Trainee: 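Okay, handing you the structure first.
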Amino acid sequence: MSLLDHDPTRAIALAIDHIPQGVAVFDAGLRLITSNQRYDSLLHLPADLTRPGSALFDIALFMAERGDLGPGDAAQLAIERIKELTAAPTSVTQRLGNAGQALEFHSSRLPNGGLVVSFSDVTARVRAEQQLAQVNQTLERRVEERTAALKQVNTELEAARAKADASNHDKTRFLAAASHDLLQPLNAARLYTSTLIERAKSTGFAELANSIEASLTAVEDIMSALLDISRIDSGALKPAPAPIQVQDLLKKTEVEFAPMARERSISLRIVATKASVMADRSLVGRIVQNLVSNAIKYTPVGGKVLVGLRKRGNRWRLDVIDTGIGFNRDQHRLVFAEFSRLERGARMAQGLGLGLSIVQRLVTALGLTLELDSREGSGSRFSIYLPAVRNARPTSQPEALPPEPSFGTLSLKVLCVDNERAILEAMEGLLSHWGCEVRTALSLKQIDREHLLEGWYPDLVLMDYHLDQTSGLDAIEWLRHNIGGHLPAALVTADRSPAVRALAEDRGIAVVTKPVKPAALRATISGLANQGGGKRGV
């Protein structure tokens, strides 16, 4: 009796080494358990990637960096390759090997969550199929049949595309309406809570008010993220690249996140730049917002977050660097998955883990490159590459954002127009607490009917976009025509589409998105007051 008869495992390993297919088995964590010699030789893997325990991501990344998976970002290509192998219980794919041969891969998920990958060299079969196709193409009958089939397919595709376009149009309109209807009551609640927080300072209700504010913020973040994902997936977001000054985006980021960073005793540093890039201002701004928000959330108290640009060839690399918790290389693919959060991150901050999923979708939609470098316990660097623009004059530049205002008395006359009475009441309460004299109206008709502007000239107007009988933009134009062409105004809207923002910027109107953040509202009001020359007389 031979030694193999007493060692079945060794016998199986020896048998696997003698089959013509390459075979590898991975555990539930996608780490290599075993592979045969054919697998190692066909893929030309180095010895350190054929040892048990090697991560499938590291193998895919090595092949991507070698060029096996085609052009593009190596980490992204590796992630997509792993998705192909693991997305379904079984899959069959083909690609070219390192030596130009055709390889056919079969992958199967194991009951315990593991993965078996086998592949073989099918170059001869592929060549035979190609030769047969070439012969068939020379036959006139086959040409006629294929032509007829193609015409039929094209007809069906046109019908399907028309149906899809109509569906997308309906979905876009639904999303616009849904975002307005869903965010309106949340906006009112945020305004009421902001007033409550300021009035409850140094009282026993302060902690309760702050808890309510934190809960509303979590709801807003989740709702906004889900709406963004729906818009991206439905094709409602259409990139409109134009030359922009990156400093505008960075300044806006600083104004928005400085209070959040201070609250957590985190040093937020924004490096000034004169760089111009070709990009969609709104969508790139959304990417930066999500990256900075994530960096602050997952950086411990007393840590640092740095945002700045580095020149890389004919592109600018925008970095968001933190000293946060970080994560290991084999966890990179998890941080971009919806509803997937690492255990330590879940303990630090609430949420569904949608922020980076939105970032990845936006990066893909814009055709940009996203780069990630992170080590557990040492922080992370998220970077996007933006095309540089030389000697270009940026278009539709917004005015520089004012510094974050103090919380003294504003002493301004403010006209608020919104078709939701609860929002008007909440806005009046907050502005009155800031020292403003406020008049409110549900519509232009009410302003005219009740003579709200007789003997009273507002320093600025806060106008809802979705009014019952007209748009907020047209309503602002009506007010300017009747009481003064230089009336400072801000559009307060739940519609976050680039089209609405562009229309407002063309008319010199600021935009504040709902749900309204008090710090952002106060900064906008201070900017409008400076624009209008301060407080006016009656």
Side-chain angles (χ1 to χ4, degrees), residues 241-299 302-324 359 362-363 366 368-373 379-406 501 505 510-513 517 519-531:
I244 60 173
Q245 292 281 3
V246 181
Q247 182 63 20
D248 293 329
L249 294 179
L250 298 186
K251 187 62 180 176
K252 182 178 179 182
T253 300
E254 184 176 20
V255 170
E256 182 172 358
F257 290 102
M260 178 180 176
R262 272 200 309 275
E263 183 180 341
R264 295 177 54 84
S265 299
I266 290 173
S267 170
L268 173 62
R269 182 187 171 200
I270 308 291
V271 181
T273 180
K274 295 182 179 180
S276 295
V277 299
M278 181 67 70
D280 184 296
R281 181 195 309 278
S282 177
L283 300 185
V284 171
R286 185 68 171 143
I287 292 174
V288 176
Q289 284 178 323
N290 278 331
L291 291 180
V292 174
S293 175
N294 251 45
I296 295 175
K297 284 180 182 178
Y298 300 113
T299 295
K304 298 178 180 179
V305 175
L306 173 68
V307 184
L309 270 75
R310 293 178 183 270
K311 192 68 181 294
R312 290 292 182 264
N314 61 349
R315 297 187 296 177
W316 286 98
R317 192 184 79 187
L318 195 157
D319 295 332
V320 178
I321 306 171
D322 63 67
T323 60
V359 167
L362 289 174
V363 166
L366 293 169
L368 301 176
T369 299
L370 175 65
E371 190 173 88
L372 168 59
D373 184 20
S380 304
R381 172 178 63 83
F382 288 86
S383 305
I384 56 172
Y385 287 83
L386 302 168
V389 177
R390 294 182 179 178
N391 302 322
R393 185 177 181 182
T395 58
S396 302
Q397 288 293 337
E399 295 184 5
L401 289 170
E404 187 184 356
S406 63
R501 186 174 293 274
E505 289 180 357
V511 177
V512 178
T513 55
K517 293 181 174 62
L521 177 64
R522 192 170 178 112
T524 300
I525 290 175
S526 296
L528 292 175
N530 293 333
Q531 170 188 328

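Treat the numbers as computed from the prediction; the structure is a model and nothing was measured. As a basis for the values below, the full set of heavy atoms in this structure was taken, side chains included, without hydrogen atoms, waters or symmetry mates. Quick note: residue numbers are just sequence positions, from 1.
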Trainee: Could you work out, with side-chain hydrogen bond (donor to acceptor under 3.5 Å, both in side chains) as the rule, every residue matching Gln289, not counting sequence neighbours?
Mentor: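 Gln289: side-chain hydrogen bond (donor to acceptor under 3.5 Å, both in side chains) contacts with Glu256.
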Trainee: Under a 3.5 Å distance rule, please check whether Asp322 uses its side chain to pair with a backbone N or O of Gly379 as donor and acceptor.
Mentor: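 Pair absent, no side-chain N/O of Asp322 close to backbone of Gly379.
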Trainee: Once side-chain contact (heavy atoms from CB on, under 4.5 Å) is applied, do any residues pair with Ala510, and if so which ones, sequence neighbours excluded?
Mentor: Ala490, Thr524, Leu528
Trainee: What residue among Leu362, Leu366, Val246 forms side chain to side chain contact (heavy atoms under 4.5 Å, CB included) with Val284?
Mentor: Leu366
Trainee: From Arg381 CZ over to Leu306 CG, what is the distance, rounded to the nearest 0.5 angstrom?
Mentor: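 If I round to the nearest 0.5 Å, the distance is 11.5 Å.
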Trainee: Taking all heavy atoms of Gly308 and all of Val271, pick out the closest pair and write down the distance.
Mentor: CA-CB, 4.2 Å
Trainee: Could you report the tightest heavy-atom contact between Thr323 and Gly303, atom names first, then the distance?
Mentor: OG1-CA, 3.5 Å
Trainee: Rounded to the nearest 0.5 Å, how far apart are OH of Tyr385 and CG of Leu370?
Mentor: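 One finds 10.0 Å between OH of Tyr385 and CG of Leu370.
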Trainee: Check whether any side-chain heavy atom of Val277 sits under 4.5 Å from a side-chain heavy atom of Ile244, and report yes or no.
Mentor: yes
Trainee: Which atom pairs, donor and acceptor, lie under 3.5 Å between side-chain atoms of residues 310-320 and protein residues at least two apart or in another chain?
Mentor:
unit_1 : atom_1 : unit_2 : atom_2 : d
Arg317 : NE     : Asp319 : OD1    : 2.8
Arg317 : NE     : Asp319 : OD2    : 3.3
Arg317 : NH2    : Asp319 : OD2    : 2.9
Asp319 : OD1    : Ser383 : OG     : 2.5

Trainee: Is there side-chain contact between Leu368 and Pro387, with at least one heavy-atom pair below 4.5 Å?
Mentor: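 The answer is yes; the side chains approach within 4.5 Å.
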Trainee: Under the side-chain contact (heavy atoms from CB on, under 4.5 Å) rule, what do Met260 and Val292 come out as? Steps first, then yes or no, please.
Mentor: CA-CA 11 Å; Met260 178 180 176; Val292 174; over 6 Å; no
Trainee: Over all heavy atoms of both residues, which pair between Ile266 and Gly302 is shortest? Give the atoms and the distance, please.
Mentor: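 For Ile266 versus Gly302, the nearest heavy atoms are CG1-N, 4.3 Å.
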Trainee: At what distance, to the nearest 0.5 angstrom, does OG1 of Thr273 lie from CG of Asp248?
Mentor: 11.0 Å
Trainee: Working to the nearest 0.5 angstrom, can you tell me the gap between Ile296 CD1 and Phe257 CZ?
Mentor: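 One gets 6.0 Å once the value is rounded to the nearest 0.5 Å.
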Trainee: Show the nearest heavy-atom pair for residues Pro259 and Val255, with the distance to one decimal.
Mentor: CD-O, 3.5 Å
Trainee: Which pair of non-hydrogen atoms, one from Leu249 and one from Arg281, has the smallest distance, and what is that distance?
Mentor: CD2-O, 3.7 Å
Trainee: To the nearest 0.5 angstrom, please state how far the OG1 atom of Thr299 sits from the CZ atom of Arg264.
Mentor: 7.5 Å
Trainee: To the nearest 0.5 Å, what is the distance between CG (Leu309) and CG (Leu250)?
Mentor: 6.5 Å
